[in-house]
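Data block below; observations after.
Heads up: numbering here begins at 1 and tracks the sequence. Reckoned from all heavy atoms, side chains included, excluding hydrogens, waters and symmetry mates.
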Amino acid sequence: MKISTPVLPPFLILDQLLQSWLIEDIGRGDRTTQSLLSQNTIEGQAKWVAKASGVIAGLPIAARVFQLLNQKVSFVAVAAEGQQCEPGEVIAEMQGSLDALLIGERVALNLAMRLSGIATLTRKYTAEIADLPAQLVDTRKTTPGLRILEKYATAVGGAINHRMGLDDAVMIKDNHIAAAGGIGEAINRIRSQIPYPLTIEVETENLDQVKEALQHKADIIMLDNMPLDLMREAVEIIRDLDNRVKIEASGNVTLETLRLIAQTGVDYISSSAPITQSKWLDLSMKIQ
């Protein structure tokens with residue numbers, strides 16, 4: 001099985017996001033917790049329990065939520081990132097200020113449930129092609145404000161991150177081609193302006209476009225919404241003419257079609273489904 005190594009985003013970046021989400025939830029104060037606990041020195045213990053089967057992701061981020069509220073909170077991940085868990089299984093244990101545990105509960109759980117849901121569905125996709133060379137990559141179809149975390153979750157599930165944003169790489173899509181007047185014109189104009197070593201990817205829909213992208217030395221050629229027979233032919237042409245070019249397939253990728261697409265010989269298969277079609281993994285917190 002191919003191995004993906006997810007890299008947790010640095011807290012220098014994450015803290016700003018987490019603080020904004022805590023502020024959104026707390027508002028002018030937690031009326032319930034702060035009224036109940038007049039002294040924030042009361043200590044308590046809690047555990048997180050999985051209520052459904054799935055792949056765990058986001059526990060270090062959840063821990064950070066509680067520690068932003070009180071740095072002395074101890075959050076111990078019982079389950080490892082990427083571990084398959086079953087209903088009733090304890091996935092984390094925490095101890096510390098009760099008000100921090102109660103105030104941070106919803107934001108922390110929401111993040112872990114969302115990210116675990118993405119990792120769970122991603123794992124199903126990557127398992128379908130684990131014995132084939134093709135690799136699953138995610139897309140920019142992400143929830144605004146959550147991209148860095150949602151892409152982290154796909155990596156936990158075994159996928160590879162596509163570009164994080166518009167500045168990561170050049171991707172010339174159909175509307176860019178139309179605006180430029182053709183693939184060759186688009187590549188030539190862009191290549192003269194981008195910094196080294198940025199790569200150029202071109203979206204193609206037919207064999208003529210594939211050949212034009214090859215002629216103008218695209219680094220990556222995307223085969224977009226091509227029937228399988230046409231995709232196989234395109235892969236053969238690219239391999240024969242320029243074996244250095246990477247090939248990506250995209251469009252109408254489902255669990256049912258994923259393996260068939262991988263068998264055409266493409267290097268990468270991009271799909272938004274693991275993010276856009278995933279369900280939250282049900283987790284709960286119980287005060288001890």
Side-chain angles (χ1 to χ4, degrees), residues 121-122 125-126 128-129 132-143 147 150-151 154 159-194 197-278:
L121 186 54
T122 303
Y125 272 72
T126 55
E128 284 291 314
I129 57 172
L132 296 172
Q135 295 180 289
L136 182 74
V137 299
D138 54 26
T139 74
R140 284 171 48 244
K141 290 184 180 178
T142 57
T143 309
R147 176 173 296 172
E150 290 179 338
K151 281 180 168 282
T154 63
I160 292 176
N161 292 148
H162 210 298
R163 57 181 182 161
M164 291 294 294
L166 296 173
D167 58 346
D168 276 2
V170 171
M171 182 183 288
I172 303 172
K173 298 175 73 66
D174 55 351
N175 287 329
H176 298 117
I177 294 168
I183 288 175
E185 181 66 22
I187 291 177
N188 291 336
R189 266 198 255 170
I190 290 171
R191 181 172 281 129
S192 67
Q193 298 183 59
I194 61 173
L198 222 57
T199 56
I200 296 178
E201 179 170 2
V202 179
E203 179 183 283
T204 63
E205 298 175 347
N206 54 58
L207 296 183
D208 287 339
Q209 289 186 330
V210 168
K211 293 173 183 176
E212 188 176 0
L214 283 168
Q215 179 185 348
H216 291 274
K217 305 297 182 183
D219 301 295
I220 307 166
I221 295 178
M222 178 193 288
L223 311 178
D224 188 47
N225 285 298
M226 286 189 182
L228 290 173
D229 289 343
L230 187 61
M231 192 178 293
R232 289 190 195 95
E233 189 173 353
V235 169
E236 188 174 332
I237 289 171
I238 295 168
R239 299 294 187 221
D240 285 345
L241 294 179
D242 193 343
N243 199 43
R244 74 174 181 86
V245 174
K246 297 297 183 182
I247 308 171
E248 177 184 336
S250 184
N252 298 317
V253 178
T254 66
L255 277 172
E256 291 69 35
T257 63
L258 181 62
R259 188 170 181 84
L260 294 173
I261 294 171
Q263 289 171 337
T264 65
V266 298
D267 299 297
Y268 303 103
I269 303 171
S270 57
S271 174
S272 63
I275 292 177
T276 61
Q277 297 180 24
S278 61

Got more than 12 heavy atoms from elsewhere within 6.0 Å of CD, Glu236? no

Identify all side-chain donor-acceptor contacts of residues 215-226 below 3.5 Å with residues at least two apart in sequence or on another chain.
| residue | atom | partner | partner atom | Å |
| --- | --- | --- | --- | --- |
| Asp219 | OD1 | Arg244 | NH1 | 3.4 |
| Asp219 | OD2 | Ile200 | N | 2.8 |
| Asn225 | OD1 | Asn252 | ND2 | 3.0 |

Set of salt bridge (charged side-chain N to carboxylate O under 4.0 Å, His left out) partners for Arg189, sequence neighbours left out: Glu185

Does any N or O in the side chain of Arg140 come within less than 3.5 Å of the main-chain N or O of His162, such that one atom is a donor and the other an acceptor? no

Using atom types as modelled and distance alone, determine if a side-chain donor or acceptor of Ser271 lies under 3.5 Å from a backbone N or O of Ala273. yes

Strictly by salt bridge (Lys or Arg N to Asp or Glu O under 4.0 Å), give each pair with a member in residues 172-183 just once, sequence neighbours left out. Lys173-Glu203

Once rounded to the nearest 0.5 Å, what's the spacing between atom NZ of Lys151 and atom CG of Asn161? 5.0 Å

I'd like to know if the side chain of Glu150 reaches the main chain of Thr143, judged simply by a donor and an acceptor atom lying under 3.5 Å from each other, with no hydrogens or angles considered. yes

If only side-chain N and O atoms count, and only distance matters, is there a donor-acceptor pair under 3.5 Å linking Ser270 with Ser250? yes

Have a look at Ile269 and tell me which of Ile247, Leu132, Val137, Leu258 forms a side-chain contact (heavy atoms from CB on, under 4.5 Å) with it. Leu258

By salt bridge (charged side-chain N to carboxylate O under 4.0 Å, His left out), which residues pair with Arg232, not counting sequence neighbours? Asp229

Output all residues satisfying side-chain hydrogen bond (donor to acceptor under 3.5 Å, both in side chains) with Thr254, sequence neighbours left out; order by chain, then residue number. Glu256, Thr257

Please check: side-chain N/O of Arg147 versus main-chain N/O of Met164, any donor-acceptor pairing under 3.5 Å? yes

Using the test salt bridge (charged side-chain N to carboxylate O under 4.0 Å, His left out), find all partners of Arg259 that sit at least two apart in sequence or belong to another chain. Asp131

